[in-house]
2 protein chains.
Amino acid sequence: MQCNQFLNRMFSKACEYGIKAAIFIALKSYQGERVSLKDIAAKINSPEAFTAKILQKLAKNNIVNSVKGAAGGFEIEKHKIASIQLAEIVDAIDGDSIYIGCGLGLNKCSEDHPCPVHHKFAAVREELKKMLESTNLEELALGIKSGASYLRT
Amino acid sequence: MQCNQFLNRMFSKACEYGIKAAIFIALKSYQGERVSLKDIAAKINSPEAFTAKILQKLAKNNIVNSVKGAAGGFEIEKHKIASIQLAEIVDAIDGDSIYIGCGLGLNKCSEDHPCPVHHKFAAVREELKKMLESTNLEELALGIKSGASYLRT
DNA sequence: TTTAATTCGGACAATTTTATCCTATTTAAT
DNA sequence: ATTAAATAGGATAAAATTGTCCGAATTAAA
Ligand code: FES
Ligand code: FES
């Protein structure tokens, strides 16, 4: 008997992979290295082909550069790394409804027609928004570099 | 062409329905009325059969009482309403990973082996947890009763 | 006792999310 | 030029979530 029940998340799996991938790419880019899909998937412990799709999305959103062909891979221009906010990555993959939308699924969140949890929820959601908008890739990458944090279990 | 993309949520659809249903049942219970699945689904604008499953879950978790047969329906004992926290409902339907689990999907969130966003994320998540644990069904129901908030768009 | 209004719960269907496979294309190196 | 190492992207599959259907069980009321 498999007890599957219960695994709601703040971010989708795709988004989790996307964030971790971006961090790893940023880290390597600082070292002047370009990384392959294979390396990324191994490092962040994600399914390769699925990760490829996510990277395509990040590339289309100009968050990472992809380079085709032998010796190709993914990279981020060093000077851009510190200016990429977590919010941009989440936005590219999950959209902004997590920190914009109504907590109880009303068409839109509004003061004029609030859902029952609006006032309490909006505060938390705003915290999340601020957090995502004030956290950049550089600091996240530095945490990995210094050994203060980890990309996989 | 349907543009479906992007609809991540804080709570699952099931959980959204569950919260709204519980609020409506609480409201009616204060008025000494028991409500049918049909009424609930109509009031919160949810698919009936799906809502039935969710109500079964709430019943099994002793959050609502279900009464079978003609003139049956759902109710919550008045004296319990103020003591039911939002967290209990979320927990019964979505589990606790939303306010306990790692934001980047590591097996477990821990200070000893933190993911890159741990410190920033844990603060927001804790806010969410506090909010869910300090909000009870009574206040939510009162918002609806007073016309200050709405259950559907 | 019959009937009608209910919830219960199993089976199933549709949709979305997650994951895989395979071919085409690009590019560096030989 | 040829080859090998990459990403791109379409097609498909698997799994999870969301949604539907229907018969069984329960209960109040006629
Ligand atoms: S209306 Fe629901 S969170 Fe604002
Ligand atoms: S380890 Fe990821 S949020 Fe704590």
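Residue numbers begin at 1 in each chain, while the letters A, B, ... track the order of the sequences. A quick note: this is a predicted structure, and the numbers were derived from the prediction, not measured. Basis for what follows: all heavy atoms, side chains included, without hydrogens, waters or symmetry-related copies.
- Judged by closest nucleotide on DNA chain C, A/Lys13 is the one of A/Gly69 and A/Lys13 placed further toward the 5' end.
- The SG atom of B/Cys102 sits 11.0 Å away from the CE atom of A/Met10 when rounded to the nearest 0.5 Å.
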Atom pairs and distances, donor-acceptor, side-chain atoms in residues 117-130 of chain B, under 3.5 Å, two or more places apart:
unit_1   : atom_1 : unit_2   : atom_2 : d
B/His118 : NE2    : B/Glu111 : OE2    : 3.1
B/His119 : NE2    : B/Glu111 : OE1    : 3.4
B/Lys120 : NZ     : A/Ser134 : O      : 3.4
B/Lys120 : NZ     : A/Thr135 : OG1    : 3.3
B/Lys120 : NZ     : A/Glu139 : OE1    : 3.4
B/Arg125 : NH1    : B/Ile100 : O      : 3.1
B/Arg125 : NH1    : B/Gly101 : O      : 2.8

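- Partners of A/Thr51 under the side chain to side chain donor-acceptor pair (under 3.5 Å) rule, at least two apart in sequence or in another chain, are A/Ser46.
- Of the residues in residues 24-41 of chain B, not one comes within less than 4.0 Å of DNA chain D through any heavy atom.
- For A/Tyr17 and C/dT18, the shortest distance from a side-chain N or O to OP1 or OP2 is not below 4.0 Å.
- Atom C1' of nucleotide D/dT18 and atom CD1 of B/Ile54 are separated by 9 Å, given to the nearest angstrom.
- Side-chain atoms of B/Pro47 lie closest to D/dT20 of the nucleotides C/dT18, D/dT20, C/dT27.
- Between the B/Ser149 side chain and the A/Pro114 main chain, no donor and acceptor come within less than 3.5 Å of each other.
- Evaluation of the side-chain hydrogen bond (donor to acceptor under 3.5 Å, both in side chains) test over residues 9-32 of chain A, restricted to residues two or more places apart or in two chains, returns A/Ser12-A/Asp94, A/Lys13-A/Glu16, A/Tyr30-A/Glu138.
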Would you mind writing out the side-chain donor-acceptor pairs for residues 60-79 of chain A within the sub-3.5 Å range, not counting sequence neighbours?
unit_1  : atom_1 : unit_2  : atom_2 : d
A/Asn61 : ND2    : A/Lys57 : O      : 2.8
A/Glu75 : OE1    : A/Arg34 : NE     : 3.1

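- Atom CG in A/Asn65 sits about 16 Å away from atom C1' in D/dA6, given to the nearest Å.
- Taking NZ from B/Lys43 and CD1 from B/Ile144, the interatomic distance works out to 8.5 Å, rounded to the nearest 0.5 Å.
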Protein and nucleotides 8-10 of chain C: nitrogen or oxygen contacts under 3.5 angstrom:
unit_1 : atom_1 : unit_2  : atom_2 : d
C/dC8  : OP1    : B/Ser66 : OG     : 2.5
C/dG9  : OP2    : B/Lys60 : NZ     : 3.3
C/dG9  : N7     : B/Gln56 : NE2    : 3.4
C/dG10 : N7     : B/Lys53 : NZ     : 3.2
C/dG10 : O6     : B/Lys53 : NZ     : 2.5

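- A donor-acceptor contact under 3.5 angstrom links the side chains of A/Asp91 and A/Tyr99, judged on distance only.
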